[in-house]
Amino acid sequence: MAIRVYNTLTRQKEDFVPAEPGKVRIYVCGVTPYNYAHIGNARPPVVWDCIRRFLAYRGYEVTFIQNFTDIDDKIIQRGHELQRDPLELAREYSQIYLEDIGALGVRPADRYPRVSEHIPEIIAMVKTLVEKGYAYVVDGDVFFAIESFPAYGKLSGRSLDEMQAGSRVEVDERKRHPMDFALWKSAKAGEPAWDSPWGPGRPGWHIECSAMSLKYLGCGFDLHGGGTDLIFPHHENEIAQAEACTGCAPFVRYWLHSAFITMGGNKMSKSLGNIATIREVIEKYSAKVARFWLIGTHYRNPISFGDEELTAAAKGLERLETCRANLRHLLTAEPVDGDDPQARVIANLTVDTKENFIAAMEDDFNTALALGSLYELVREANRWALDREFRPTVSGLRAVESVVTTLDELGGILGIWFEDDAGSQALSDAEIQQLVEERQAARKNKDWQTADAIRDRLKAAGIVLEDTPQGVRWRRE
RNA sequence: GGCGGCAUAGCCAAGUGGUAAGGCAGAGCUCUGCAAAAGCUCCAUUCCCCAGUUCGAAUCUGGGUGCCGCCUCCA
């Protein structure tokens with residue numbers, strides 16, 4: 001089966017065919033760092049992390065680029081408020097952002113290009129656009145003339161007339177068309193500025209993504225991502241700039257956009273103020289739960305942020321984790337003779353699970369559906385291996401191992417397995433085993449007080465004990 | 001005003017023509033020193049409403065209602 005993706009450009013699902021067989025080039029719009037990022041900003045990186053892992057799993061060689069827009073009106077404004085250098089401020093918050101998404105299990109991009117480090121490339125691009133007649137200079141500002149680019153509007157599905165009709169913002173009189181946008185802005189006093197053929201200034205929004213994606217991925221790269229709010233004008237403008245400048249089209253083969261996180265029924269956004277920062281969410285629910293919650297919904301559907309949703313996600317994840325830990329513990333059992341006919345059934349189920357999981361991911365990266373296949377495997381494995389009649393036969397243990405391997409492998413694609421906390425590593429396996437034996441001795445003597453004390457002590461150390469017909473089972477929380 | 005999206009159980013969420021996955025919550029039961037984990041049973045005759053196409057529709061078409069997003073910084 002081929003991978004299918006919903007392409008915003010065509011508004012339909014298409015077979016995904018990379019420009020170069022076996023290789024996938026991806027660019028995702030990052031953030032404008034001037035403050036702590038909110039959980040909505042974490043959705044694209046988490047979604048794309050799953051996509052990357054899945055593509056790699058399917059054998060593709062993936063190049064993944066995510067930018068930082070570190071020069072921007074908001075950063076400059078914030079810098080003024082804090083009396084700090086805007087670039088330094090952006091540097092600091094981009095670092096914080098990387099820590100945040102790193103905590104969510106997002107693997108580092110191959111590169112994190114910054115606007116401030118690509119001024120020459122941007123100037124060169126603007127220069128070409130002016131020379132080719134796609135842009136014009138007015139008093140040190142350079143604007144892109146959208147009427148010179150007939151394909152303008154193809155991504156967002158708007159015609160120039162429609163946009164003109166809807167335009168209610170104050171328009172810079174110097175623009176030829178109200179929707180023309182700035183490629184280069186002349187410097188005002190106290191702003192960071194670079195020399196250019198049009199005088200000192202700085203890049204406009206939009207141009208940096210065209211310049212940096214072209215630099216690192218080349219024209220016609222495979223996937224470009226971001227939130228749906230970037231479709232217009234940002235991505236529309238990126239296309240115009242890149243295709244006008246290079247004469248190459250399409251600039252991007254597939255555009256994928258993720259929906260928003262809502263809070264109180266509205267889009268979570270800094271301007272509305274209804275935000276929860278990534279840090280707050282991690283603090284309250286843990287990073288792994290936050291990630292698990294994010295992938296529980298298909299990326300093109302909105303997610304509602306709330307206590308009930310996050311708590312449900314925590315319980316769901318715990319179910320998967322507990323199963324995996326219990327089965328792993330089972331593997332430490334001494335094998336017994338005999339044949340377990342159910343082992344074959346379970347082994348086959350792992351194969352089905354894998355197929356279903358892959359099919360779900362191939363269908364526009366449907367992580368929610370993929371997760372469903374995992375739950376089904378868990379239910380069947382629990383029913384069999386946690387039954388009081390279960391005996392650890394050789395064939396049975398082999399099947400248990402195949403379930404564990406499958407969970408590891410598929411869960412790994414979604415990045416749901418987080419390493420155990422350092423706290424639960426305080427005791428070694430041998431020490432735990434020692435305490436378990438002490439407790440068993442106490443239980444034999446019906447010394448429940450001692451037995452429970454040991455269990456509580458282990459619990460405090462992050463070790464959960466469970467008494468089963470086959471003996472004591474323990475796992476790290 | 002223009003463009004686009006969504007509407008499935010108490011909550012979350014799959015499902016784009018073949019008779020409603022899954023998770024959470026809830027009720028009951030089994031197991032059990034207690035606990036925990038787990039399992040079993042129950043929990044949408046129905047998918048916002050109306051009309052149509054079809055042997056058959058949550059899925060397609062038309063109309064309506066509601067919510068949301070973009071058009072201005074925004075993931």
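Chain identifiers are assigned alphabetically (A, B, ...) following the order of the sequence lines, protein sequences preceding nucleic acid strands; residue numbering begins at 1 within each chain.
- Rounding to whole angstrom units, CZ of residue A:R319 and C1' of B:A13 are separated by 16 Å.
- Within 4.0 Å (heavy atoms only), A:P302 reaches sugar-phosphate atoms of the nucleic acid but no base atom.
- When the C1' atom is used for both B:G56 and B:A20, the distance is 15 Å, rounded to whole Å.
- Using a 4.0 Å cut-off, some side-chain N or O of A:K267 falls inside it from OP1 or OP2 of B:C70.
- Distances shorter than 4.0 Å separate none of the side-chain N or O atoms of A:R11 from OP1 or OP2 on B:C3.
- Between B:G15 and A:N366, a contact under 4.0 Å exists linking OP1 or OP2 to a side-chain N or O.
- Counted within 6.0 Å of CZ on A:R53, heavy atoms from surrounding residues, nucleotides or ligands total more than 12; the atom is thus considered enclosed.
- Judged by distance alone with a 3.5 Å cut-off, no donor-acceptor contact links the side chain of A:N301 to the base of B:G5.
- Counting non-hydrogen atoms under 4.0 angstrom, A:L465 reaches a base of the nucleic acid.
- Between A:R202 and A:D73 a salt bridge is recorded (basic side-chain N to carboxylate O distance below 4.0 Å).
- Between B:G69 and A:T228, no contact under 4.0 Å exists linking OP1 or OP2 to a side-chain N or O.
- A:E321 has no carboxylate O lying under 4.0 Å from a charged side-chain N of A:R324, or vice versa, which leaves the two without a salt bridge.
- Residue A:N326 places none of its side-chain N or O atoms closer than 4.0 Å to OP1 or OP2 of B:A37.
- For A:R455 against B:A35, a side-chain-to-base donor-acceptor contact under 3.5 Å is present.
- Remark: A:R319 is not positioned above the aromatic ring of A:Y375, lacking an NZ or CZ atom under 6.0 angstrom from the ring centre and at most 45 degrees off the axis.
- Among the heavy atoms of the strands lying under 4.0 Å from A:L230 are primed sugar atoms or P, OP1, OP2 only; no base atom is included.
- A:R300 comes within 4.0 angstrom of nothing in the nucleic acid, heavy atoms only.
- The distance from atom CD of A:Q449 to atom C1' of B:A35 is 16 Å, rounded to the nearest whole Å.
- With rounding to whole Å, A:F260 atom CZ is found 10 Å from B:C68 atom C1'.
- For A:W48 and A:Y299, the ring centers are positioned 6.0 Å apart or more.
- Checked against the 6.0 Å centroid criterion, the rings of A:Y254 and A:F16 qualify as a close aromatic pair.
- Phosphate contact (OP1/OP2 of B:A25, side-chain N/O of A:K315, threshold under 4.0 Å): present.
- Between A:H235 and A:H206, the distance separating the two ring centers is not shorter than 6.0 angstrom.
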Open item on the list: Could you spell out the base pairing of RNA chain B as a dot-bracket line? Use Watson-Crick and G-U wobble contacts where both distances are under 3.5 Å, [ ] for crossing pairs, | for partners on a different strand.
Closed with: ((((((((.[[[..)..(...]]].(((((.......))))).....[[[[[..)....]]]]])))))))....
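- When distances run from any side-chain atom of A:W448 to the nucleotides B:A37, B:A14, B:G33, the shortest one goes to B:G33.
- In summary, the aromatic rings of A:F221 and A:Y216 are positioned with their centroids too far apart to meet the 6.0 Å limit.
- In this structure, A:H38 reaches the bases: a heavy-atom distance under 4.0 Å links it to at least one base atom across the strands shown.
- Side chain A:D467 to base B:C34: a donor-acceptor pair is found below 3.5 Å.
- Nucleic acid contact for A:G265: sugar-phosphate only, since backbone atoms but no base atoms lie under 4.0 Å from a heavy atom of the residue.
- Within the nucleic acid shown, A:R439 comes within 4.0 Å of at least one base atom, counting heavy atoms only.
- For A:R443 against B:G33, a side-chain-to-base donor-acceptor contact under 3.5 Å is present.
- Phosphate proximity of B:G22 to A:N356: absent, as no side-chain N or O sits under 4.0 Å from OP1 or OP2.
- A:A259 comes within contact range of at least one nucleobase, with a heavy-atom separation under 4.0 Å.
- When distances are taken from the side chain of A:Y375 to each of B:G22, B:C71, B:G33, the shortest belongs to B:G22.
- We find that A:R279 and A:D100 are joined by a salt bridge, their nearest charged nitrogen and carboxylate oxygen being less than 4.0 Å apart.
- Residue A:N382 has its side chain nearest to B:A38 when only B:A38, B:A75, B:U32 are considered.
- In the set B:C68, B:A75, B:G15, the nucleotide with an atom closest to the side chain of A:P44 is B:A75.
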